[in-house]
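To start, the structure under review is shown below, and the notes come after it.
Atoms within a ligand are numbered from 1 in the order they appear, just like the ligands themselves.
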Amino acid sequence: MVAAGALISGTGTNLQAIIERIAAGRLDCLLRLVVSNRAGAPGLARAEAAGIPTRVIDHRSFARREDFDRAVVAALREAGVELVVLAGFDRLITPVFLEAFPLRIMNIHPGLLPSFKGLDAQRQAFDYGVKIAGATVHFVDQDVDHGPIIVQGAVPIGPGDSAEEVRRCILAVEHEIYPLAIQLFAEGRLAVEGRRVIVRGSRPALPPPLIHW
Ligand code: GRF
């Protein structure tokens, strides 16, 4: 069982997927705290409905990024959090935060990293014309959308798919791979060797290669 804290800024559908997986008894995680930097984030209501403590820590109340991070770290520590899950959190984090939770912060990105870093990765992939898009769960390091990759999920793009359809399919994959990555962490199966995350123990057979045009 891992004690986790989630950081959100918005809708919180990934948070919802994690909450539901825990409620279904399929994710060995206790969500001890949900922090939002935005008071109006709809994800806060999702946490409250699940009985999870919430805190709003508004980044605009702090002169420096480091001061904001110190306040967030203090709240997470007070709640006894071991693993930090960034779920649609729209702030860059500083070394203050990274050093408080080394290799204990995960993020989800709606692209197959290292392609399409940054904002609106789904649209970037669609406009680029890739045939296979996807999403990535990774440990957070000092660079944006960069740390060691834990799980990726692929989404084939059909000829008639709209950008919105691609976005929807990527989000559905996100909702599968984030709980999976947290479960692997909870089971103590993730070993980081340089950039590579080695998943220890038994795993499903490799799927056939996904070929798409
Ligand atoms: C997701 O697309 C995630 O990959 C990105 O921010 C979005 C958050 O969506 N980091 P939600 O708030 O979980 O619905």
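- For atom 12 (O) of ligand 1, the closest non-hydrogen atom of the protein is Gly12 N, 2.7 Å.
- A heavy-atom separation below 4.0 Å is not found between Gly43 and ligand 1.
- The heavy atom nearest to atom 8 (C) of ligand 1, considering only Gly111, Ala121, Gly88, is found in Gly88.
- Backbone and side-chain nitrogen or oxygen atoms of Thr13 are examined, and one is located within less than 3.5 angstrom of a nitrogen or oxygen of ligand 1.
- Neither the backbone nor the side chain of Gln16 comes within contact range of ligand 1; no heavy atom lies under 4.0 Å.
- The N/O atoms of Leu15, backbone and side chain alike, include none that comes under 3.5 Å of an N/O atom in ligand 1.
- A 4.5 Å side-chain heavy-atom check between Phe97 and Val84 finds at least one atom pair inside the cut-off.
- Judged by distance alone, the side chain of Thr94 and the main-chain N or O of Arg65 form no donor-acceptor pair under 3.5 Å.
- Residue Gly10 has no N or O atom closer than 3.5 Å to an N or O atom of ligand 1.
- The only option from Leu112, Val137, Ile177, Val173 that meets the side-chain contact (heavy atoms from CB on, under 4.5 Å) definition with Gln152 turns out to be Leu112.
- The backbone N or O of Ile93 sits nowhere less than 3.5 Å from a side-chain atom of Asp69 that would complete a donor-acceptor pair.
- For ligand 1, the atoms closer than 4.0 angstrom to any heavy atom of Thr11 are 12 (O), 14 (O).
- Between Lys117 and Asp143 no salt bridge is recorded (no basic side-chain N to carboxylate O distance below 4.0 Å).
- Between His59 and Phe68, the ring planes lie perpendicular to each other; the angle is over 60°, past the 30° to 60° tilted range.
- Within a 6.0 Å radius of CD in Glu78, other residues, nucleotides and ligands contribute 12 heavy atoms or fewer.
- For atom 5 (C) of ligand 1, the closest heavy atom belonging to the protein is Ile108 O, 3.8 Å.
- Asn14 ND2, 3.9 Å is the protein heavy atom nearest to atom 9 (O) of ligand 1.
- The pair Arg21-Glu176 counts as a salt bridge, with a side-chain nitrogen and a carboxylate oxygen less than 4.0 angstrom apart.
- The nearest non-hydrogen atom to atom 3 (C) of ligand 1, considering only Arg46, Arg167, Glu174, His109, comes from Glu174.
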